[in-house]
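Before any comments, here is the structure.
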Amino acid sequence: MRLKLGQLTTIVISSPDIAKEVFQTHDLLFSNRTIPHSTSVHNHSHNSVAFLPISPLWRDLRKICNNQLFSHKSLDASQNLRRKKTQELLGDVHRSSLSGEAVDIGTLVFRTSINFLSNIFFSLDFVNSVGETEEYKVIVENLGRAIATPNLEDFFPMLKMVDPQGIRRRATTYVSKLFAIFDRLIDKRLEIGDGTNSDDMLDILLNISQEDGQKIDHKKIKHLFLVCSLISLINYFITLLFYY
């Protein structure tokens, strides 16, 4: 079936045989995806492994993610950290039960998820208190909502200059706030230099950047962290879905 929504054409494949041909025989031809205009803020769509078309840059970023972030060695190395963050979550639930307070499962899971990722990347907890958790969650949550909102600009490109729903404007604001946080952490690490030996993801990426700036640089590091922040938001929504 062919659906025409504004100026955007969508093909719906309902035949198993055709789906097999598309995904196996012609996978490279159909591998690229439509990029929502809201993801173009700060040139994210041109620097993010999530939205880049198949290209040398996409292959480099994908290789870095597979070898450094999602490899068996990296996952095994983070086992103790995962156990520690899970114990902290259970400790928060236990303290709430002793005092008779209601447990905000969504906030606890979000804080656990983002602190786990921030320890892998920066060797520190991004949020240490409920207030900080809410502030950071509001930024990431509003960014995710802006990106997920159906955007008239995607269906009628002529509206891109107008931004009638204000989606691009809101997305730019929240991405700027996240990048300001990432910039401070990266600059601080660069000032410290080689004396840290923290061996976290930031150190690994900075070392790769020093060896070959074409593969990844300061800007691409921030965009990679942005993708991981949105992953923590997805975990948060999945938790709410199953909990409620």
Side-chain angles (χ1 to χ4, degrees), residues 1-65 136-183 213-238 241:
M1 294 181 291
R2 187 181 75 148
L3 300 178
K4 188 74 171 179
L5 302 175
Q7 294 180 290
L8 181 66
T9 300
T10 301
I11 304 297
V12 180
I13 300 174
S14 57
S15 166
D17 293 333
I18 299 299
K20 182 177 180 180
E21 183 175 351
V22 168
F23 290 113
Q24 292 186 359
T25 307
H26 303 288
D27 55 327
L28 288 179
L29 182 62
F30 292 97
S31 60
N32 297 333
R33 61 195 64 83
T34 300
I35 300 176
H37 190 58
S38 58
T39 64
S40 65
V41 299
H42 287 275
N43 285 324
H44 181 64
S45 56
H46 297 288
N47 294 280
S48 167
V49 67
F51 294 104
L52 277 169
I54 292 181
S55 61
L57 175 58
W58 178 83
R59 290 188 176 92
D60 287 339
L61 292 177
R62 182 175 181 270
K63 184 177 180 181
I64 290 173
C65 289
Y136 186 79
K137 183 163 72 72
V138 165
I139 296 175
V140 179
E141 195 174 34
N142 284 328
L143 175 59
R145 185 178 292 110
I147 294 176
T149 300
N151 194 346
L152 290 175
E153 298 176 28
D154 295 328
F155 305 104
F156 302 98
M158 65 185 70
L159 297 176
K160 290 181 179 180
M161 297 296 293
V162 182
D163 190 21
Q165 297 167 265
I167 292 176
R168 186 172 67 251
R169 183 171 61 256
R170 294 198 302 273
T172 300
T173 298
Y174 295 119
V175 171
S176 297
K177 290 181 178 180
L178 288 177
F179 278 1
I181 297 174
F182 298 153
D183 279 330
Q214 295 296 322
K215 288 185 177 180
I216 195 165
D217 54 18
H218 189 136
K219 180 192 297 182
K220 295 183 183 68
I221 291 174
K222 293 192 297 181
H223 286 280
L224 179 59
F225 291 158
L226 174 60
V227 171
C228 292
S229 295
L230 293 176
I231 289 176
S232 68
L233 179 65
I234 293 173
N235 291 337
Y236 164 70
F237 283 132
I238 291 175
L241 177 65

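Count residues from 1 along the sequence.
Going from atom CD1 of I35 over to atom CG of L52 covers 7.5 Å, rounded to the nearest 0.5 Å. Considering CZ of R168 and CG of N151, their distance stands at 8.5 Å, rounded to 0.5 Å. To the nearest 0.5 Å, the span separating OG1 on T39 from CG on L226 amounts to 10.0 Å. Residue T173 holds its OG1 atom at 11.5 Å from CG of L178, rounded to the nearest 0.5 Å. Between atom OG1 of residue T9 and atom NZ of residue K4 there is a gap of 3.0 Å, rounded to the nearest 0.5 Å. Here R62 contributes atom CZ and I64 contributes atom CD1; the two are 12.5 Å apart, rounded to the nearest 0.5 Å.
The two atoms that bring T149 and R145 nearest to each other are OG1-O, 2.6 Å, heavy atoms only. Contact detail for D163 and E153: the closest heavy-atom pair is OD1-OE2, 2.8 Å. Between Y174 and I139, the shortest heavy-atom distance links the atoms O-CG2, 3.8 Å. Heavy-atom minimum distance, S38 versus I167: CB-CG2, 3.7 Å. Listed here is the closest heavy atom pair of V12 and L3: CG2-CD1, 4.0 Å. Nearest heavy-atom pair, D154 versus H37, reported as atom, atom and distance to 0.1 Å: OD1-N, 2.7 Å.
Looking at F51 and S40, their side chains never come closer than 4.5 Å, going by heavy atoms from C-beta outward.
At least one donor-acceptor pair under 3.5 Å links the side chain of Q165 to the backbone N or O of P150.
The side-chain hydrogen bond (donor to acceptor under 3.5 Å, both in side chains) with H223 is formed by just one residue from the set H42, H44, H46; it is H44.
Between D60 and K63, none of the side-chain N atoms (NZ, or NE/NH1/NH2) sits under 4.0 Å from a carboxylate O, so this pair counts as no salt bridge.
F155 CZ: more than 12 foreign heavy atoms inside a 6.0 Å radius.
Annotation: cation-pi geometry satisfied between K222 and F179 (NZ/CZ under 6.0 angstrom from ring centroid, within 45° of ring axis).
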Practice problem: Any chance you could lay out the side-chain contact (heavy atoms from CB on, under 4.5 Å) test for H218 and D183, step after step, and finish with the verdict? | Solution: CA-CA 9 Å; H218 189 136; D183 279 330; 3.0 Å; yes
